[in-house]
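The structure presented is a predicted model; accordingly, all values stated were derived computationally and were not measured.
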Amino acid sequence: MGRGKVELKRIENQTNRQVSFSKRRSGLLKKAYELSILCDAEVALLLFSPSGKAYQFASHDMERTILRYKNEVGLSNNSDQGLRAVEVWKTKINDMRRTIDELEVRDKHLAGEDLSSLGMKELKQLERQLRIGAERIRSKKHKILHEENIHLQKQVRLCEAEGSLLSKG
């Protein structure tokens with residue numbers, strides 16, 4: 001059982017119109033949020049009710065997104081260049097902060113801390129990464145030990161040769 005097709009025309013009953021506005025507003029804000037999370041999109045939504053009340057959603061800073069939009073469509077003027085530069089730097093800083101946060105969380109996970117938020121799939125992946133890392137460390141350690149062993153054997157041979165020369169001389 002599906003929904004019937006809604007005829008797109010103004011709802012005449014004030015109460016029904018307000019209820020419809022409220023429900024659809026909530027749905028629209030929810031969709032904007034989902035789009036920003038699922039697709040890592042920069043979303044800004046401004047909505048004004050018939051009474052003039054403003055509603056907004058912004059996945060990032062609203063003003064920065066509006067400036068970015070103005071720049072994209074060519075609405076900005078030369079006096080906005082300084083603001084745009086600041087906004088570009090703010091964007092880069094926010095992106096770097098987000099990256100730092102993600103790396104810190106990953107570092108904690110690799111250290112065996114804060115694992116309660118991970119599911120079975122993430123734990124298995126983490127375990128695999130740790131196993132591969134341990135194998136690489138072991139391989140590097142064996143290579144260094146082997147090179148050091150060869151170096152020490154050369155020194156022993158040099159010392160033996162020097163000792164035999166001294167004993168003959």
Side-chain angles (χ1 to χ4, degrees), residues 1-140:
M1 175 181 273
R3 293 183 216 153
K5 189 171 183 177
V6 175
E7 184 181 348
L8 290 180
K9 66 175 187 172
R10 185 174 187 266
I11 300 170
E12 294 302 324
N13 184 311
Q14 173 66 30
T15 306
N16 291 348
R17 188 168 53 239
Q18 181 58 38
V19 168
S20 183
F21 174 81
S22 179
K23 286 182 179 180
R24 287 177 178 258
R25 179 197 69 222
S26 299
L28 185 59
L29 292 170
K30 181 180 176 188
K31 288 293 182 188
Y33 170 74
E34 291 171 353
L35 182 64
S36 71
I37 297 297
L38 294 173
C39 302
D40 197 27
E42 185 172 347
V43 178
L45 174 65
L46 288 173
L47 183 64
F48 294 95
S49 72
S51 64
K53 186 173 180 189
Y55 299 91
Q56 73 175 19
F57 168 79
S59 60
H60 296 77
D61 180 50
M62 177 67 80
E63 291 177 12
R64 184 193 79 187
T65 305
I66 290 172
L67 281 174
R68 184 175 172 192
Y69 169 75
K70 284 181 176 181
N71 190 36
E72 281 291 316
V73 297
L75 294 175
S76 59
N77 57 30
N78 291 339
S79 65
D80 287 343
Q81 284 182 339
L83 290 174
R84 280 185 295 191
V86 169
E87 292 304 319
V88 167
W89 285 109
K90 282 183 181 179
T91 302
K92 288 182 180 183
I93 289 169
N94 288 335
D95 290 344
M96 286 181 182
R97 282 185 180 145
R98 196 171 338 149
T99 302
I100 288 169
D101 291 342
E102 290 169 2
L103 289 172
E104 285 176 346
V105 167
R106 186 168 179 242
D107 189 42
K108 284 182 180 179
H109 290 164
L110 289 171
E113 300 171 10
D114 197 26
L115 300 176
S116 60
S117 63
L118 299 179
M120 183 57 75
K121 183 178 178 180
E122 291 90 1
L123 288 170
K124 284 183 178 181
Q125 183 179 3
L126 181 61
E127 183 180 32
R128 185 180 63 77
Q129 288 173 339
L130 289 170
R131 186 176 54 249
I132 291 169
E135 290 170 3
R136 288 179 182 160
I137 291 168
R138 196 174 300 115
S139 173
K140 179 70 174 177

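Legend: residues meeting salt bridge (Lys or Arg N to Asp or Glu O under 4.0 Å) with E42, ordered by chain and number and at least two apart, are R64, R68. Residues meeting the side-chain contact (heavy atoms from CB on, under 4.5 Å) test with D107, sequence neighbours left out: none. Residues passing the salt bridge (Lys or Arg N to Asp or Glu O under 4.0 Å) test with K108, sequence neighbours excluded: none. Residues forming a side-chain hydrogen bond (donor to acceptor under 3.5 Å, both in side chains) with Q14 (at least two apart in sequence, or on another chain): R17. With sequence neighbours left out, L118 forms a side-chain contact (heavy atoms from CB on, under 4.5 Å) with H109, L115, E122, L123, L126. Every residue two or more places apart in sequence or in another chain was checked for a side-chain hydrogen bond (donor to acceptor under 3.5 Å, both in side chains) with S26, and none qualifies. Partners of R25 under the side-chain contact (heavy atoms from CB on, under 4.5 Å) rule, at least two apart in sequence or in another chain, are F21, S22, L29, L47, Y55. Partners of K31 according to the salt bridge (Lys or Arg N to Asp or Glu O under 4.0 Å) rule, which considers only residues two or more places apart in sequence or in another chain, are E34. With sequence neighbours left out, I132 forms a side-chain contact (heavy atoms from CB on, under 4.5 Å) with R128, R136. Under the salt bridge (Lys or Arg N to Asp or Glu O under 4.0 Å) criterion, E12 pairs with R10, not counting sequence neighbours.
With values rounded to the nearest 0.5 angstrom, R131 atom CZ is found 11.0 Å from K124 atom NZ. How far CG of N94 is from OG1 of T99: 10.5 Å, rounded to the nearest 0.5 Å. To the nearest 0.5 Å, the span separating CD on Q125 from CG on L130 amounts to 11.0 Å.
Within the structure, salt bridge (charged side-chain N to carboxylate O under 4.0 Å, His left out) pairs that include any residue of residues 87-97 comprise E87-K90, D95-R98 (at least two apart or interchain). Pairs engaging residues 47-56 under the salt bridge (charged side-chain N to carboxylate O under 4.0 Å, His left out) rule: none recorded [sequence neighbours left out].
Of all the heavy atoms in S36 and F57, the pair that sits closest is OG-CZ, 3.7 Å. When all heavy atoms are compared, the tightest approach of T65 to A44 is CG2-CB, 3.5 Å.
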Open item on the list: Apply side chain to side chain contact (heavy atoms under 4.5 Å, CB included) to residues E104 and I100 and explain how you reach the verdict.
Closed with: CA-CA 6 Å; E104 285 176 346; I100 288 169; 3.7 Å; yes
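The local environment of CD in Q129 is crowded, with over 12 non-hydrogen atoms from other residues, nucleotides or ligands closer than 6.0 Å. With a 6.0 Å radius and a threshold of 12 heavy atoms from other residues, nucleotides or ligands, E72 has its CD atom at or below the threshold.
The closest side-chain heavy-atom distance from H60 to T91 is not below 4.5 Å.
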